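Worksheet: one structure, shown below.
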There are 2 protein chains.
Amino acid sequence: MSGSRLRDVAARAGVSIRTVSNVVNGYAPVAATTRERVERAVQELDYRPNVLARSLKRGRSGMLALVVPELDVPYFSELARAIITQARLNGYTVVIDQTDGDAGRERELILRSSRAAVFDGVLLSPVALSAADISEHNPSVPIVLLGERIAASPFDHVAIDNVSAAREVTEYLFSIGRRRLAAIGDQPYETGETAQLRTQGFREAHISAARELDERLIVGCPHFHRSEGARAMSALLDGGGPTPDAVFCYNDLLAVGALRVMLSRGIRVPEDIALVGFDDIEEVRFTTPSLTTIAPDKTRLAELALQRLILRINTQDFSGPEELFVSHRLIVRESTTHGRQ
Amino acid sequence: MSGSRLRDVAARAGVSIRTVSNVVNGYAPVAATTRERVERAVQELDYRPNVLARSLKRGRSGMLALVVPELDVPYFSELARAIITQARLNGYTVVIDQTDGDAGRERELILRSSRAAVFDGVLLSPVALSAADISEHNPSVPIVLLGERIAASPFDHVAIDNVSAAREVTEYLFSIGRRRLAAIGDQPYETGETAQLRTQGFREAHISAARELDERLIVGCPHFHRSEGARAMSALLDGGGPTPDAVFCYNDLLAVGALRVMLSRGIRVPEDIALVGFDDIEEVRFTTPSLTTIAPDKTRLAELALQRLILRINTQDFSGPEELFVSHRLIVRESTTHGRQ
DNA sequence: CTGAAAGCGCTTACAG
DNA sequence: CTGAAAGCGCTTACAG
């Protein structure tokens, strides 16, 4: 039977429901013989605690919301996997919501959704929210931002150091003798602080190395999808500007699109144009050529985000939001080196 | 304030909580002026219903579990996206659990997990469960299987017709003049009925066309990952058996791995060896060459699965489990055709 | 159309 | 170590 309640178990074991509750939850010392009787009754009745009732009483649901733009974008699915795994290790369950990159939907999900009241905390990978959207919101539930930051928001934020990562990539390209670098993925500040930071690193490295930077080699992309990488690469090649000898894409998906365009035009990668991505999604270990990229420590990111969120949940103190940084490393593969195996 | 309850709203509006409940839920006719007063109070107090309490009372949580092996496998993340979207359209929220392809974990999640009691229904993409695992389980909650079937299980099952799809692929390869076809992805029956069905279709097409089939050209793969596709392709080329002029991989990820091996050896695709995958994940529209594949109607699959699950939830009648089929189509791309654009 | 009240299944001070 | 009882915040017959 699956409809048995604490009361039924208590009746069968001949004890009070208080005692059954203690046994089930492993609380308070219970006499061994009593425990045994209760456990037998639990077995016999196939008793399973009603998590809803428990949550209602405790004021905690044990559920977290993970809000991402699109679950089928590899970076997010890899992140979601890590988050779900970490959450489970900490006794939490994860509900995933998708915003489809729409600001209205994002706002609704996070700020207004009545359902939000059911979550103990929210992990948000924002894409379109601004501080203004947030200001009207008095968060009753802690929120931790993943990756993209919301300027001046009152939330904790976990990410890698985008400026240094981009600087590193750029310096690396210089170090292997490339001179005309293009960047694909710039975005206006309002919708893409992360993109801005990567552009900043790209610029800084040019300045440090005393290299000129042709502005026509910085190409914007509203979304970080493969098709946009293809479009941007075509624009770069057909735009009439200088032809780059290396391209830095702000994520791996853009690089995959750019790669396809180059190969279809008979451009050799890396001999003619070297290519670098960002994120180290599994996919780009298998492209031909395999892709040089920046690998953020996704596991650590998930760990840190959860640790911080749980801290906020337990203390219910939302003051002094912090920036937490996660390490990254440059992974060199065939798209920037001649020697293929 | 976010801590307001029905009672607070009722007090402020000067009505009973019953009336507030009616307004909030849009039940029963409420006098217009009363409604207005209540709505104002809801606004002023920023009242949000406690979903937990509602669920406890109603005996429904509004939550579904989606259990997949690995969320970061593109097929599953694309499926998850579709499922979450459909669930939301139907007023359900989705909790995702991952089994990591482990039978023990799968069993635990589905059959024993006390948490299961909180879900109104379960969507399961099984990978390792057998009917034996199920038999000890008296499902108190409806379960719908996605893709992989569990032989003799008492659950509804939504999938494409794998035998015909594989037959179609094979016939297509014959039709473009290929004669020695290899298949990558076969699995023993216990762990992979889907793989078996594809092998069956592959065989049937050979028989219909009166073509011989060299058994050495059927290569097994415990998991459908890129690295295994690479391993299998290498085995095929180095195994001493005949060299195929076409390879049918049982999913796109295997094909991606196989493609990488071929290209790294200077094998031309499709001139020397044609390549076909299965699933039509976004990734393979951007490989070079792009991949011919079978596209299951994932949206429809999600729709059907949810429709059926909700039916079971509403009727609580789990009898007469059915097989529901979703259409698929062969998408021809560069990996089987010379004319690239 | 609205109120007063029971009860969903649990947890947890409060006594003993 | 254990019991009797209140209450988490809601929904919903039952009256009126």
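Computed from heavy atoms alone, side chains included, the values below leave out hydrogens, waters and symmetry copies. By convention in this document, chain letters (A, B, ...) are assigned in the order of the sequence lines, proteins followed by strands, and residues within each chain are numbered from 1. Quantities reported herein were computed from a predicted structural model and do not represent experimental measurements.
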Greater than 12 external heavy atoms within 6.0 Å of A:R7's CZ: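 Not buried by this count: 12 neighbours or fewer within 6.0 Å.
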
Flag yes if more than 12 heavy atoms outside A:Q43 fall under 6.0 Å of its CD atom; otherwise flag no.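 At most 12 heavy atoms, drawn from other residues, nucleotides or ligands, come within 6.0 Å of this atom.
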
Give each stem of DNA chain D as a range with a range, requiring at least 3 consecutive Watson-Crick or G-U wobble pairs whose two distances are under 3.5 Å.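 When the pairs of DNA chain D are grouped into runs of at least three, the stems are C:1-3 with D:14-16, C:5-12 with D:5-12, C:14-16 with D:1-3.
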
Please determine, by modelled atom types, if A:N22 and A:R35 share a side-chain donor-acceptor pair under 3.5 angstrom.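 Side chains of A:N22 and A:R35: no pair found under 3.5 Å.
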
Could you tell me whether B:E303 and B:R300 make a salt bridge, using a distance below 4.0 angstrom between a side-chain N and a carboxylate O?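 Result for this pair is yes, salt bridge flagged.
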
Look at A:R308 together with A:D156 and state whether they make a salt bridge at an N to O cut-off of under 4.0 Å.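 Looking at A:R308 and A:D156, the cut-off is met.
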
Encode nucleotides 9-16 of chain D as B, S and - characters from 5' to 3', where the letter depends on protein heavy atoms closer than 4.0 Å: B to the base, S only to sugar-phosphate, - to neither. BBBBBB--

side-chain hydrogen bond (donor to acceptor under 3.5 Å, both in side chains) with A:R37: which residues, sequence neighbours excluded?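 For A:R37 there are no side-chain hydrogen bond (donor to acceptor under 3.5 Å, both in side chains) partners, ignoring immediate neighbours.
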
Straight-line distance of B:D120 CG to B:S55 OG, nearest 0.5 Å: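 Here the interatomic distance stands at 7.5 Å.
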
For the C1' atoms, the ones on C:dG16 and on C:dT12, what distance do you get once it is rounded to whole angstrom?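 Roughly 16 Å separates the two C1' atoms.
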
How many Å lie between CZ on A:R37 and C1' on D:dT2, as a whole number?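 Taking CZ of A:R37 and C1' of D:dT2, I get 11 Å after rounding.
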
With a 4.5 Å heavy-atom cut-off, do B:L309 and B:L64 have their side chains touching?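 Heavy-atom side-chain distance check passes, below 4.5 Å.
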
When all nucleic acid strands are considered with a 4.0 Å heavy-atom cut-off, which category describes A:T34: base, sugar-phosphate, or nothing?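 Touches sugar-phosphate only.
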
